[in-house]
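This report refers to the structure that appears directly beneath it.
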Number of protein chains: 2
Amino acid sequence: MQKYVIISNDIRNKILNGEYVANQQIPFEKDLCVHYNASKMTVKKALDMLVSEGLIIKRRGSGTFVKDLSADAINRITLANQFRGTTSLYPDKKVYSKVLNFSIEKVPELAANKLNIASDSFVYDIHRVRYVDDKPTVMEKIYMPIDLIPNLKEKNIKGSIYGYIKEELHLNIQSAHRTISVRKATDFEAEELGMEKGDPVAVAEQVGYLDTGSAFEFSTSIHRYDNFSAEFVLTSN
Amino acid sequence: MQKYVIISNDIRNKILNGEYVANQQIPFEKDLCVHYNASKMTVKKALDMLVSEGLIIKRRGSGTFVKDLSADAINRITLANQFRGTTSLYPDKKVYSKVLNFSIEKVPELAANKLNIASDSFVYDIHRVRYVDDKPTVMEKIYMPIDLIPNLKEKNIKGSIYGYIKEELHLNIQSAHRTISVRKATDFEAEELGMEKGDPVAVAEQVGYLDTGSAFEFSTSIHRYDNFSAEFVLTSN
DNA sequence: AAGTGGTCTAGACCACATT
DNA sequence: ATGTGGTCTAGACCACTTC
């Protein structure tokens, strides 16, 4: 484990344990260097992680301070900000899909733009409803280039596509760009998700990237309004 | 301007100009060090900024590559990820508020938790509807500790609260923690925002922090569904 | 004036991918 | 075996806050 991660974890624990309390100044970088037997750059990197998690504040000229977070906010922050497929989001629940469509098609223009592939490429055209503990939760429309994700089968669609990509193809998912918006459910969405017509839904449009830099997924997810939230920390620098 | 910002900007421009194209490998860190006459740490920091913006990918052992982004995604990314008040989000538009309430109250329990202040503290209780170009756009319920933000006046509520905090109080806003969810508009919200009853709304709950580390704002914003989106980049490391 | 965090360096060694 | 990016150091100088 890297030294800056160890230092960062240690300080995070001290904050969560209450050893460093709200608004308290924590030791200077110089002293932390001595305490952890590390160089200034390393300590700084450790502290910067905590800044981007939203736990501490640094002020040049005066020092580093624990943010005055409510217990509530601390809880949310510790649920780290990783992104995962639906399956691993609900590790204790039964997750499966009703497959509405699974075919290979010429890529629609919008998807070609998002995936940045040639307009005569072929993609999987996947349409499914995800059930969590037998309750319909999300309707997903997914396009994936067949070149990048070979041999996708209906059983993967029913289970975890991300699992197939990671464990069977041994590809690494690197990042995702996501946009969230809100609208009324269509009649079809309402029916499939067990809602009333016109009920609100959250729409998450996402482009996922492999660590090769290629976009492997353009998806649009329709979430029931009672089962959706997104959280993030915004920083000014 | 810091050297790593200059380098970062230069490379970002080369990507946006098309000088470095999608999936192309960009020069090695070693060569960039020579080209920019900078040390490895500095070049690395510059590249890491671009990674977190989602423009490039780094792979240990092989090199650094331009992400295969659609033009569309590039546009969204260049609209950088800063957070601002409504006023500066719409610099060319006329922004003002209808004030529904502006009073000083004992802090409600929920707000006391979020702001992490004593339960016998006093806060401004602000309720307003923001109009952009004469169209109602957001309804905001805001609590701010009176100790932190003294002398707030109704004219600030009608205009820009953030402007007052920054320009008149000379306080620095450091970060914000935001959660987004979705629900149906109440009848009152529908009326004030000019929607039908039960129309979808996006609800953004936000706790804002000063660079002193204190929470200065707990707000809940109700956004019309036709005028809301949130964007972010998720990274696996 | 003294002390903080921010940036930068020149070079070392390591983990990993490719050849 | 070579070469990539990742981590870490020891120390320098700078920008800013506080006294």
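Model, not experiment: these values are computed from the prediction. Quick note on labels: first sequence line is chain A, next is B, and so on, each numbered from 1.
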Using only heavy-atom distances, determine whether the side chains of A/Tyr162 and A/Glu217 contain a donor-acceptor pair under 3.5 Å.
yes
B/Lys67 and A/Ser175: side-chain donor and acceptor closer than 3.5 Å?
yes
On a heavy-atom basis, which atom in [X] and which in [Y] lie closest, and how many Å separate them?
X        : Y        : result
B/Phe228 : B/Ile180 : CZ-CD1, 3.7 Å
A/Val207 : A/Lys114 : CG1-O, 3.9 Å
A/Val107 : A/Ala112 : CG2-N, 3.4 Å

Mark yes or no for whether [X], through its side chain, and [Y], through its backbone, hold a donor-acceptor pair below 3.5 Å.
X        : Y        : value
A/Arg128 : A/Ile157 : yes
B/Asn172 : B/Asp211 : no
B/Tyr164 : B/Asn151 : yes
A/Ser70  : B/Asn113 : yes

Using the C1' atoms of the five pairs at each end, what is the angle between the end axes of the helix from C/dA1-D/dT18 to C/dT18-D/dA1, to 10°?
10°
Any chance you could list the contact pattern along nucleotides 14-19 of chain D? Use B for base contacts, S for sugar-phosphate-only contacts and - for none, protein heavy atoms under 4.0 Å, 5' to 3'.
-BBB--
Please work out which residues in residues 35-43 of chain A have a non-hydrogen atom less than 4.0 Å from an atom of DNA chain C and list them by number.
A/Lys40, A/Met41
I need the full list of side-chain hydrogen bond (donor to acceptor under 3.5 Å, both in side chains) pairs touching residues 24-34 of chain A, with sequence neighbours left out, sorted by first then second residue.
A/Glu29-A/Lys58
Can you sort out the partners of A/Lys14 under salt bridge (charged side-chain N to carboxylate O under 4.0 Å, His left out), two or more places apart, ordered by chain and number?
A/Asp10
Please work out if A/Lys30 contacts a base, only the sugar-phosphate, or nothing of the nucleic acid, heavy-atom cut-off 4.0 Å.
sugar-phosphate
Comparing nearest nucleotides in DNA chain D, the 5'-proximal residue of the pair A/Val5, B/Leu47 is B/Leu47
Assess whether atom NZ of A/Lys141 is packed by more than 12 heavy atoms of other residues, nucleotides or ligands within 6.0 Å.
yes
Nearest-angstrom distance from the residue atom CD of B/Gln25 to C1' of D/dG5:
11 Å
Which nucleotide of DNA chain C is the first, and which the last, in the 5' to 3' direction, to come under 4.0 Å of a heavy atom belonging to chain A?
C/dG3 to C/dC8
Under 6.0 Å between the ring centres of A/His127 and A/Phe102?
no
